[in-house]
J.: 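Submitted below is the structure of interest, expressed as structure tokens.
Computed from heavy atoms alone, side chains included, the values below leave out hydrogens, waters and symmetry copies. Within every chain, numbering begins at 1; the chains are lettered A, B, ... in the order of the sequence lines, protein sequences first and strands thereafter.
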Number of protein chains: 2
Amino acid sequence: MNVKSPKPAVSPIELEHFLPYRLNVVAEAVSRALARLYEKRHGTSIAEWRVIATLGQYERMTAKDIGAHSRMHKTKVSRAVARLEERQCLARTSNEQDMREAFLELTDAGRAIYDDLVPRALAFEQKLSDALSKEEQANLDALLCKLEVSALDDAGDA
Amino acid sequence: MNVKSPKPAVSPIELEHFLPYRLNVVAEAVSRALARLYEKRHGTSIAEWRVIATLGQYERMTAKDIGAHSRMHKTKVSRAVARLEERQCLARTSNEQDMREAFLELTDAGRAIYDDLVPRALAFEQKLSDALSKEEQANLDALLCKLEVSALDDAGDA
DNA sequence: GTTCATTAGTTGCGAATGTAACTAACAGTG
DNA sequence: CACTGTTAGTTACATTCGCAACTAATGAAC
């Protein structure tokens, strides 16, 4: 029986339309472009940027809260904070009421970086968003919210 | 002059509404949930899954083409392929017309993994997409395309 | 045929990452 | 007080990643 073996037992996935794949590719492309900006101007990583952004917004926080707010693993936060402290971009003040934790704030140097990056980050986002209409932007935001919730649910059971 | 220093020189970014951040968080949550699936069932990473998915779809490809199709760095492809070959999930056939490259195909073992994962991956995607209406899904796909193009443009100049 | 540029793929290396184990500090129980 | 459990944060370790440098093969120029 010289018959070609019946290969496709399963209907193939088209990777290029597979949502998790697409999300990942887009997010990575965006992250990479943005990271170049942070890196070039101040030698900061995305993790460091997130710490700076959080402290820029909230003034004074513990490492744990920064992690919760910026969704970063505590070791990632710990290392980003350590590097930023080393470079004197932020200052640690131990909490006398609970010596396990410490309050973190941007120093003047840290805030200078923040002030420099914020407008550029917003411009970057703007350039991204320019590809979309106002309505599309709102849509996207809503869709991302839904996806996030759905994915986090999955995280639990699977 | 006992006046509080005028802190906010710049209007703060709200990280949680910053598009690049949101994309990253959502993509990571989705990836992580999906990776658990691949990992648990066959001990394969996302990179390995992408190679398998590409070969499942196209039967026979070079490493370079796999990289182009699945948007992975060539070293990532190289290492994923090496591991899959080691585990006899794919076979290498050198191209006699050009000895630099080799054709890769799934072995039966490789295809078995593919056949096992495809329905589960689709189910996962379905569960994700269930959070969205048909229209929203179409929207999202279009939006991601636009963002990707925009980000890749940025990659060039910045 | 020899030289030079290019390409497919691999590998060395440093940097970044998450898990798990750890330290130190707190909080509650007795 | 001692004992137990929990929490904030750090560190050790193994893994992953991408850049850059490399090898080997091809192709084009002459």
J.: Does a salt bridge link B/Lys146 with A/Glu136, judged by any charged N lying under 4.0 Å from a carboxylate O?
T.: yes

J.: In whole angstrom, what separates A/Asp98's CG from D/dT6's C1'?
T.: 12 Å

J.: Return the value, rounded to whole Å, for the distance between atom CD of B/Gln97 and atom C1' of C/dT7.
T.: 17 Å

J.: Which nucleotide, D/dG9, D/dT6, D/dA21, lies nearest any side-chain atom of A/Arg100?
T.: D/dT6

J.: Write down the atom of A/Arg71, the atom of A/Arg50, and the distance for their closest heavy-atom approach.
T.: O-NH1, 3.9 Å

J.: In whole Å, I'd like the distance from the CE atom of B/Met99 to the C1' atom of C/dT10.
T.: 16 Å

J.: On DNA chain C, check which nucleotide each of A/Ala47 and A/Asn95 is closest to and give me the residue with the more 5' one.
T.: A/Ala47

J.: May I have the distance from A/Glu39 (atom CD) to C/dG14 (atom C1'), rounded to whole angstrom?
T.: 14 Å

J.: Figure out the CD/P separation between A/Glu85 and D/dG9, and round it to whole Å.
T.: 12 Å

J.: So for A/Arg32 and D/dG18, does any side-chain atom that can act as donor or acceptor lie under 3.5 Å from a complementary atom in the base?
T.: no

J.: Looking at B/Glu59 and B/Arg111, is any side-chain nitrogen of the basic one under 4.0 Å from a carboxylate oxygen of the acidic one?
T.: yes

J.: How large an angle, rounded to 10°, do the end axes of the helix from C/dG1-D/dC30 to C/dG30-D/dC1 enclose when each is built from five base pairs?
T.: 0°

J.: Using a 4.0 Å heavy-atom cut-off across all strands, classify A/Ala102 as base, sugar-phosphate, or nothing.
T.: sugar-phosphate

J.: Under 4.0 Å, counting only non-hydrogen atoms across every strand here, what does B/Thr62 touch: a base, just sugar-phosphate, or nothing?
T.: sugar-phosphate

J.: How many whole angstroms separate atom NZ of A/Lys74 from atom P of C/dA20?
T.: 11 Å

J.: Going by an N to O cut-off under 4.0 Å, is there a salt bridge joining A/Glu105 and A/Arg92?
T.: no

J.: Count the heavy atoms belonging to other residues, nucleotides or ligands that lie under 6.0 Å from CD of A/Gln88, then report whether that count exceeds 12.
T.: no

J.: Determine: side-chain N/O of A/Arg92 to OP1/OP2 of D/dT10, distance under 4.0 Å, yes or no.
T.: yes

J.: Measure from the side-chain heavy atoms of B/Ser78 and tell me the nearest of C/dT11, D/dT10, C/dA25.
T.: C/dT11

J.: Just how far, in rounded Å, is C1' of C/dA16 from CG of A/Leu84?
T.: 15 Å

J.: Once hydrogens and angles are ignored, does a donor-acceptor distance under 3.5 Å link the base of C/dG18 to the side chain of A/Arg79?
T.: yes

J.: Can you give me the closest heavy-atom contact between A/Leu23 and B/Ala27, atom names plus distance?
T.: O-CB, 3.8 Å

J.: Looking at B/His73, I'd like to know whether one of its side-chain N or O atoms comes within less than 4.0 Å of OP1 or OP2 on D/dC19.
T.: yes

J.: Measure CD/B/Glu28 against C1'/C/dG18 and give the value in whole Å, please.
T.: 11 Å

J.: Which residue in the set A/Ile113, A/Val81, A/Leu84 passes side-chain contact (heavy atoms from CB on, under 4.5 Å) when paired with A/Glu48?
T.: A/Leu84

J.: Looking at A/Gln57 and B/Ile13, what are the two nearest heavy atoms and their distance?
T.: OE1-O, 3.2 Å

J.: Counting side-chain heavy atoms from CB outward, which of D/dA8, C/dT17, D/dT26 is closest to A/Lys76?
T.: C/dT17

J.: Mind checking A/Lys64 for me? I need base, sugar-phosphate or nothing, with any heavy atom below 4.0 Å counting as a touch.
T.: sugar-phosphate

J.: Which nucleotide in the list D/dG9, C/dT19, D/dA20 gets nearest to the side chain of A/Thr75?
T.: C/dT19

